[in-house]
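Chain naming here is simple, since letters A, B, ... match the order of the sequence lines and numbering starts at 1 in each.
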Amino acid sequence: MSRYIQAIRGMHDILPEAIALWHRVEDGARRIFASYGYAEIRTPILEVSELFKRSIGEVTDIVEKEMYSFTDRNGDSLSLRPEGTASCVRAAIEHGLLTQPQRLWYRGPMFRHERPQRGRYRQFNQIGVEVFGLAGPDIDLEIILMTARLWRELGLSGLRLELNSLGDTAERQAYRERLVAYLEGRREQLDAESLRRLQTNPLRVLDSKHPEMQEVIAAAPSLMDHLGAATRNHFEQLCHGLDRSGIPYQLNPRLVRGLDYYNRTVFEWITDDLGAQGTVCAGGRYDGLVEQLGGRATPAVGFALGLERLVELLSLAGHASEPAVHAYLIAVGEQAQAEAPLLAERLRDALPGLRLLTHCGGGSFKSQFKRADKSGAIDALVLGETELERGVIGLKPLRDESGQRELGFDELIELLGRRIGATN
RNA sequence: GUGGACGUAGCUCAGCUGGCAGAGCGCAGGAUUGUGGAUCCUGUGGUCGUGGGUUCGAACCCCAUCGUCCACCCCA
């Protein structure tokens, strides 16, 4: 136990030096979702536990052992949300949003009590999209194209798209029975983990990484062979659309999402650069969920992306960010220090895009210039006795050797405006 | 929840067989009393994660505990 109080295990501070990358992802997503006409929705991070049990599934790991649940003062069981879809569906039903198609997105922290490791945290941030009331492959294609556009916007190139269809509820159920029968017949070949999955979520046996399981898995009946004509057609149309859009993808018949509510189309964007937690974005259809939660039957698709993972990818790629500060105002002498805040306000009035840091705390020219340099500012603005007497402001470029100038206020505005324009 | 590695200065780390707690970077000041960065000088830095045990003596060995990382599992 440390002497100091520390952040809770698996929950991390995001420090100022990392924030620029977060903004890049968040702003990029916001801009792109807007360009497809998606509207933001914000829901509470706390819900009644029942909501997650009924949507994610009683016997999933998330609900069984990963939820932060507690009893509140009224005796109700509440849980910090482990994912965003359930809340969105709840809100859509509650506010009668389902009378027409809805394209929604959200962002925020999610909570799962797992053992932390790279790319996996107990509090983590997701941005997600949920679309209600559209049943066709066209909307599946739209949201995948939207994610692909986001990667392009962010400059991420190493992601691969994997795709599968789980069938509709009945097809999935039928296949599940076939698969269980097959696996039961080979019990002695299954490892302990797969035996457990056989009980809880048989489809996930197909997902096993165990080397000795691969042969059993390869010989298992294929989900694709159990799809009905309608489902197959839906999936083929989606693939066709992706082909025409030039988005490369891989069919992965073993791609099975862990949450119970998925059906038909499922997809994942995966990277090899983050170790074991390589899924950066995942989603699919959940046509039965709205009805299951008491709304009228409504088809739905969505996905969620993991912000921590994307930010780490960007940080590995070493993307440079624009300067946090354009200019640093230095003031030496009593009179100049009194004048500086007023000058700074006038500058901000004149140049709304200007990021200007004003030196506080006094000190010599030398120490103030040191601060100016460390702030990362492009220019130092200098106000001393000499400048006051002459009615000018000094501008000294800190990142090039073009030399210090003395400028009147209007000249300064003009020059600064040009200089910050070049960096934005 | 399971397994493994690791916790020493703000950061990255060294510290031999148990014998004075170290380096680089950073930070502060100076060389330069109106000018940052490069260089040089000086200074600041520590409950060796925490608690217990063994020992004349523990950063080092033992036990426990907390944390971090990696993998399993799970998943974004």
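Residue A:Gln117 has no polar side-chain atom (N or O) positioned under 4.0 Å from OP1 or OP2 of B:C69. Regarding contacts with the backbone of B:C75, a side-chain N or O of A:Arg204 is found under 4.0 angstrom from either OP1 or OP2. In terms of phosphate contacts, A:Arg371 brings a side-chain nitrogen or oxygen within less than 4.0 Å of OP1 or OP2 of B:A28. Within the structure, a side-chain polar atom (N or O) of A:Lys366 is placed less than 4.0 Å from OP1 or OP2 of B:G36.
In terms of polar N and O atoms assigned as donor or acceptor, the side chain of A:Gln404 comes within less than 3.5 Å of the base of B:U35 in a complementary pairing. A:Glu401 contributes a side-chain N or O that forms a donor-acceptor pair with the base of B:G37 under 3.5 Å. Within 3.5 Å, a donor on the side chain of A:Arg115 pairs with an acceptor on the base of B:G3, or the reverse. One cannot find a donor-acceptor pair under 3.5 Å joining the base of B:U68 and the side-chain atoms of A:Arg9. At a cut-off of 3.5 angstrom, the base of B:G36 holds no donor-acceptor pair with the side chain of A:Lys374. In the interface, the side chain of A:Arg120 is not paired with the base of B:C69 through any donor and acceptor atom under 3.5 Å apart.
Cation-pi check for A:Arg346 over A:Phe409 is met; the charged atom lies under 6.0 angstrom from the ring centroid and within 45 degrees of its normal.
Here the separation of B:G26 from B:U44, taken at their C1' atoms, is 11 Å to the nearest Å. Separation of the P atoms belonging to B:C6 and B:G22 is 25 Å when rounded to the nearest angstrom. B:C48 and B:C13 have their C1' atoms separated by 13 Å, with the value rounded to a whole Å. With both ends at atom C1', the span from B:C20 to B:A59 equals 13 Å, rounded to whole Å. Across B:G18 and B:C60, the matching C1' atoms stand 7 Å from one another, rounded to whole Å.
The distance between atom OH of A:Tyr121 and atom P of B:C70, rounded to the nearest whole Å, is 7 Å. Between the C1' atom of B:C72 and the CG atom of A:Asp61 lies a distance of 13 Å, rounded to the nearest Å. For A:Leu15 and B:C11, the CG to P distance is 11 Å, given to the nearest whole Å. As a whole-Å value, the separation of A:His113 NE2 from B:C73 C1' is 14 Å. In this structure, A:Phe369 places its CZ atom 19 Å from P of B:U32, rounding to the nearest Å. As a whole-Å value, the separation of A:Glu387 CD from B:U35 P is 12 Å. For the pair A:His359 NE2 and B:G36 P, the interatomic distance rounds to 14 Å; values are reported in whole Å.
Atom CD of A:Gln214 sits in a crowded spot, with more than 12 heavy atoms from other residues, nucleotides or ligands closer than 6.0 Å.
Minimum atom distance to the side chain of A:Arg112 is reached by B:C75, of the listed B:U32, B:C70, B:C75.
Within the shown strands, B:G53 is the pairing partner of B:C61 under the Watson-Crick or G-U definition, both distances less than 3.5 Å. Under the Watson-Crick or G-U wobble criterion, with both distances below 3.5 Å, B:A28 is paired with B:U42. Under the Watson-Crick and G-U wobble criteria, each requiring two contacts below 3.5 Å, nucleotide B:U2 is paired to B:A71. Under the Watson-Crick and G-U wobble criteria, each requiring two contacts below 3.5 Å, nucleotide B:U17 is left unpaired.
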Could you walk me through whether A:Asp373 and A:Phe369 pass side-chain contact (heavy atoms from CB on, under 4.5 Å), step by step?
CA-CA 6 Å; A:Asp373 184 47; A:Phe369 265 97; over 6 Å; no

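Ring-plane geometry between A:Tyr286 and A:Tyr262 is classed as perpendicular, the angle between the planes exceeding 60 degrees on a 0 to 90 degree scale with a lower cut at 30. Note on ring orientation: taking the six-membered ring where Trp is involved, the planes of A:His12 and A:Tyr121 are perpendicular (angle over 60°, cut-offs 30° and 60°).
Electrostatic pairing of A:Glu414 and A:Arg418 counts as a salt bridge here, judged by a charged N lying under 4.0 Å from a carboxylate O.
Between A:Gly10 and A:Val280, the residue anchored closer to the 5' end of RNA chain B is A:Gly10, taking for each the nucleotide with the nearest heavy atom.
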